[in-house]
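For reference, positions follow the sequence shown, starting with 1.
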Amino acid sequence: MRAELKEYQAVEAAAMNFVKSVAEGDSTHAKKLFIDEAVLFGYLDGELEHGSIEQFYHNVDTVPGGENFKARVDVLDVEETLAVVRVLEEGWGGRIDFTDILLLMKMDGEWKCVAKAYNQNSNTIQKK
């Protein structure tokens, strides 16, 4: 059964913690969203990142979004206990565009992210 619109709004509000952290270069906000066991998968400048969400926190805390950073949150699906969110990012760190997919679960009445997978736009990959 599709969730009510108020649940879509709650999911979007939760995902905004992700955007705020990336924009500000401060993982504090994202730590409200992700569970401790959350996982991360994606290619950053052609190198596979995978494992603990701690890597994402490290990236955010060491590279601020920058003054030209922009983001858009699209809530793709909300079921009773499951949600899928797409976050489009432009200009992270002044050069990288990402598409992030966040998988959220409703736990103890709150929307929490259990997994983040991302794609870096190929035209923003910096070769080593």
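One finds the CG atom of L82 at 5.5 Å from the CG atom of L103 (value rounded to the nearest 0.5 Å). Taking CD from E47 and CG from D45, the interatomic distance works out to 8.5 Å, rounded to the nearest 0.5 Å.
Scanning both residues, A15 and L102, for their nearest heavy atoms gives CB-CD1, 4.5 Å. Residues K32 and N17 approach most closely at CD-OD1, 4.1 Å, considering heavy atoms. Nearest heavy atom pair, residue A71 against residue V19, reads CB-CG1, 3.7 Å.
The side-chain heavy atoms of N121 and F98, taken from C-beta on, include no pair separated by under 4.5 Å. Contact of the E89 side chain with the F69 side chain is registered, since non-hydrogen atoms from C-beta on lie closer than 4.5 Å. No side-chain heavy atom of K112 sits less than 4.5 Å from a side-chain heavy atom of K106. Contact annotation: the side chain of W92 approaches that of V22 to within less than 4.5 Å [non-hydrogen atoms, C-beta and beyond]. Looking only at side-chain heavy atoms (C-beta outward), H50 and L48 come within less than 4.5 Å of each other. R86 has its side chain within reach of T99: a pair of non-hydrogen atoms, C-beta onward, lies under 4.5 Å apart. At least one side-chain heavy atom of M107 sits under 4.5 Å from a side-chain heavy atom of V114.
Ring geometry, F56 versus F34: the interplanar angle falls from 30° to 60°, so the pair is classed tilted.
For K20, the NZ atom counts as loosely surrounded, since its 6.0 Å shell holds 12 or fewer non-hydrogen atoms of other residues, nucleotides or ligands. Counting heavy-atom neighbours within 6.0 Å of N123 CG, excluding the residue itself, gives a total above 12.
Among residues at least two apart or in separate chains, there is no side-chain hydrogen bond (donor to acceptor under 3.5 Å, both in side chains) pair with a member in residues 33-44.
Salt-bridge formation is detected for the pair D100/K116: a Lys NZ or Arg NE/NH1/NH2 atom is positioned less than 4.0 Å from an Asp or Glu carboxylate oxygen.
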